[in-house]
There are 4 protein chains.
Amino acid sequence: MEYNEKQKQILVTAEQLFSTKGFDGTSVRDIADAAGVNIAMISYYFGSKEKLMEALFEQRTTNIKVKVESLLKDDSTTPFQKVEILAEDIINKIMSKKQFFKIMMCEQVINKNPVVMNLMYDLKKKNLEEFGKIITDGQQKGVFKKDIDFLLLYNMLVGSISQMMITIDQYREYNNLTNIPEEQVYEQIKKKLSENIKVLFKALLSYEA
Amino acid sequence: MEYNEKQKQILVTAEQLFSTKGFDGTSVRDIADAAGVNIAMISYYFGSKEKLMEALFEQRTTNIKVKVESLLKDDSTTPFQKVEILAEDIINKIMSKKQFFKIMMCEQVINKNPVVMNLMYDLKKKNLEEFGKIITDGQQKGVFKKDIDFLLLYNMLVGSISQMMITIDQYREYNNLTNIPEEQVYEQIKKKLSENIKVLFKALLSYEA
Amino acid sequence: MEYNEKQKQILVTAEQLFSTKGFDGTSVRDIADAAGVNIAMISYYFGSKEKLMEALFEQRTTNIKVKVESLLKDDSTTPFQKVEILAEDIINKIMSKKQFFKIMMCEQVINKNPVVMNLMYDLKKKNLEEFGKIITDGQQKGVFKKDIDFLLLYNMLVGSISQMMITIDQYREYNNLTNIPEEQVYEQIKKKLSENIKVLFKALLSYEA
Amino acid sequence: MEYNEKQKQILVTAEQLFSTKGFDGTSVRDIADAAGVNIAMISYYFGSKEKLMEALFEQRTTNIKVKVESLLKDDSTTPFQKVEILAEDIINKIMSKKQFFKIMMCEQVINKNPVVMNLMYDLKKKNLEEFGKIITDGQQKGVFKKDIDFLLLYNMLVGSISQMMITIDQYREYNNLTNIPEEQVYEQIKKKLSENIKVLFKALLSYEA
DNA sequence: AATGAATGAGAGTTCATTCAT
DNA sequence: TATGAATGAACTCTCATTCAT
């Protein structure tokens, strides 16, 4: 789907407002005002507030699917390295789309809009499949243990990242990072998360001692 | 704060509706109808919809604070066992208050109401302190490594549980558990989560090899 | 259905406005303003503008059904007299509910609202049945001819009255009755219509010469 | 007034929609979509929705005026035959322009647009004049009685036809004609109406016995 | 103490129309 | 000449809250 500049502006503004006030807490007037467009434009361009949300989800879920084809074929990286690369990719994707992921979290709880639900379901399914390919590959190579609950593992990964993301302010305060620029904090968190998740996978995928 | 039966009923109903439709997606009329009380009762008893939310948070956050005093003193349990016991306690608390935790997740994202914010902040702070005591105890006993980010670890714990909780339906579908009673599924998930988190802590708290 | 004073006032105002501006040409605000009530009252009392219309139809169609039971039994009146009495009754009913009949005419053309449609259909069916009883009675007594299209006859009756009613202003102008009070004009028209319809029935029900 | 093909298409489409949904119930977008033209075309070609309505009335009222000049001069037809011929002409005109007559009926009730009002007034005045000529001719020839209310008679004629026209579906159902093609039903009704109106005029124009 | 009645404010949406091209 | 883009105004309806009782 191709959007013109105004439509893109509306989408960006909607994303920003939905992520801070929630879908139901954001009025069409809010979006129009913040985007500097006429109220009628939202219906005019997207049909309805609901469909604007759907358009946002279609837009944003399109390019956040992870791809592992080339990674799988690469024989010079070990299975553990592959998992680490994938995890880092997921961390980056979530962190670079913070606002949208916040919206997703809430929508997952509320799950009112079926179109949105389906898009989220598809996204998760696709990502889980790719995640599964990496794990299975490691299992087939005898590096990972057999009995692994892909979905649980994936949820631990995504949950950890999400939780960090939505409590970032507390994290800054707790660690006296309020004076450090937001972006720098995020980089720091990404690094730490990455390290910890590396250890997590190492522990959960290896044969127990 | 003491509530009479009607007030309790309103609180329970509000919790149920807020957790499925969100705060802004739930109308006072919805709550009144579902609770079988007069619309004016909500304002009458709680002052406003906003204050009802606050009352709900006061009520529900009161008894979910973890306590570790007695656990700390118990010399017959190892630091790792103590962490495991605490983790299990947290899993149980979140899982047994699923609805409220869903509300909390969304509110954490939206963070509009300052009273609610403070209560959440306090809760987390308290729990984090207790969590910290256990960790520090283990560190002092030389069992846990020194450089540990308490908050990150705590977030990984809570995030993992939360993520499982809000995607429980997908989990059931993915693992062909749709025919198994909900409660049974939850027990199964609790057990699995518990095991994995045990491994997680083991890995993240131990001195690296 | 029992309505309180305010509800009745809304109904009367709505009837007046619908009959002069049409249903779609009348806004809820129009009605509220004219009735001197808050806009929200319409939805509050009737649910919606559409349902207000339905309530109006339910109210107004209830007491305009003609009854011929007692008339039928009366042996001292001839079949022709009975038809005349019924016709006069119908003229009176339509003329005394001019506004509502105007609304009905337009709705019959537009026929959008199924509830309204059904009520109109029922009303017509009932009235036609009663009309039919009188005719059949006259036929059985050998006074009226056999081959009579009840519905066509009924439509001629109702159509004649309706047409007079909606073009009353033209009638006044054409006959220089603009200075005569409206009510007096109506009485005059009723009398004339009555006479003409008497002749009409005489001609259409009798055996041809 | 000359209209190009697109304008004609808009007029036809507007007529169709106005007759089924009413003027206020039809949006400019409805018309544009149904006619397959750009929305802006309506304003561009006709100035406004209101003026489109006026154009429609100008178009449609032009060729439905009855003409009796030649009929009057024809000495081989009796006054009664002349009235019958005129009545049949009116029946045909109304029946062949069903949609427009439906619009006219509603507009007569609502009478909001003064231009439309005037056109309807003129049409009726002209037709009434012609009707009057025929009646007067018959009176002068001593065939019709003296005391005749032209307008009342005309209204009975038009009202009877109109009423049949707008309740055609009920007529079909009532007489089990739902399976017979619409056009055939109309022919049947025209014939019946014609016969009955013949009798009606005979009775109302003759000297009473 | 409790509630039915009532309401101002604001919600999302559609409207007829205009304007730049 | 013709139209896609755009818009202010108005639409119906729902909202949380208040008030008289």
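Given the structure is predicted, the values throughout are model-derived calculations rather than measurements. Protein chains get the first letters and strands the later ones, always in sequence-line order, with residue 1 at the start of each. Values below: every heavy atom of this structure, side chains too, minus hydrogens, waters and symmetry copies.
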Which residues pass the side-chain contact (heavy atoms from CB on, under 4.5 Å) test with [X], not counting sequence neighbours?
X	result
A:Y44	A:M41
A:Q7	A:Y3, A:N4, A:Y45, A:F46
A:V115	A:E54, A:E58, A:N113, A:L119

**Complete:** Its dot-bracket string being built from Watson-Crick and G-U pairs below 3.5 Å, with | for another strand and [ ] for crossing, DNA chain E has the pattern .||||||||||||||||||||
**Asked** Base, sugar-phosphate, or nothing for D:K51, non-hydrogen atoms under 4.0 angstrom?
**Response** nothing
**Message:** Any base atoms under 4.0 Å from D:Y45, or only sugar-phosphate, or nothing? Heavy atoms, all strands.
**Reply:** sugar-phosphate
Starting at atom [atom1] of [X], determine the distance to atom [atom2] of [N], rounded to an integer number of angstrom.
X	N	atom1	atom2	value
B:L52	F:dC15	CG	P	16 Å
A:F18	E:dG12	CZ	C1'	12 Å
B:K6	E:dA1	NZ	P	13 Å
C:Q9	E:dA5	CD	P	17 Å
C:M41	F:dT12	CE	P	17 Å
C:L17	F:dT12	CG	C1'	16 Å

**Fill in**
Each nucleotide of nucleotides 16-21 of chain E classed B (base within 4.0 Å of a protein heavy atom), S (only sugar-phosphate) or -, in 5' to 3' order, makes SBB---
Check: residues 97-110 of chain B side-chain donor-acceptor pairs under 3.5 Å, at least two apart:
| unit_1 | atom_1 | unit_2 | atom_2 | d |
| --- | --- | --- | --- | --- |
| B:K98 | NZ | B:M95 | O | 3.1 |

**Results of ring-ring contact (aromatic ring centres under 6.0 Å, His included) for B:Y121 - residues two or more places apart only** = none
**Request:** Supply the atom-to-atom distance A:L17 CG to A:S19 OG, rounded to the nearest 0.5 angstrom.
**Result:** 7.5 Å
**Asked** How would you list, by chain and number, every residue that makes a side chain to side chain donor-acceptor pair (under 3.5 Å) with A:E15, sequence neighbours excluded?
**Response** A:R60
**Asked** At under 4.0 Å, does any side-chain N or O of D:N38 touch on OP1 or OP2 of F:dA2?
**Response** no
**Item:** Pairs involving residues 25-46 of chain D, ordered by first then second residue, that meet salt bridge (charged side-chain N to carboxylate O under 4.0 Å, His left out) (sequence neighbours left out)
**Value:** D:K21-D:D30
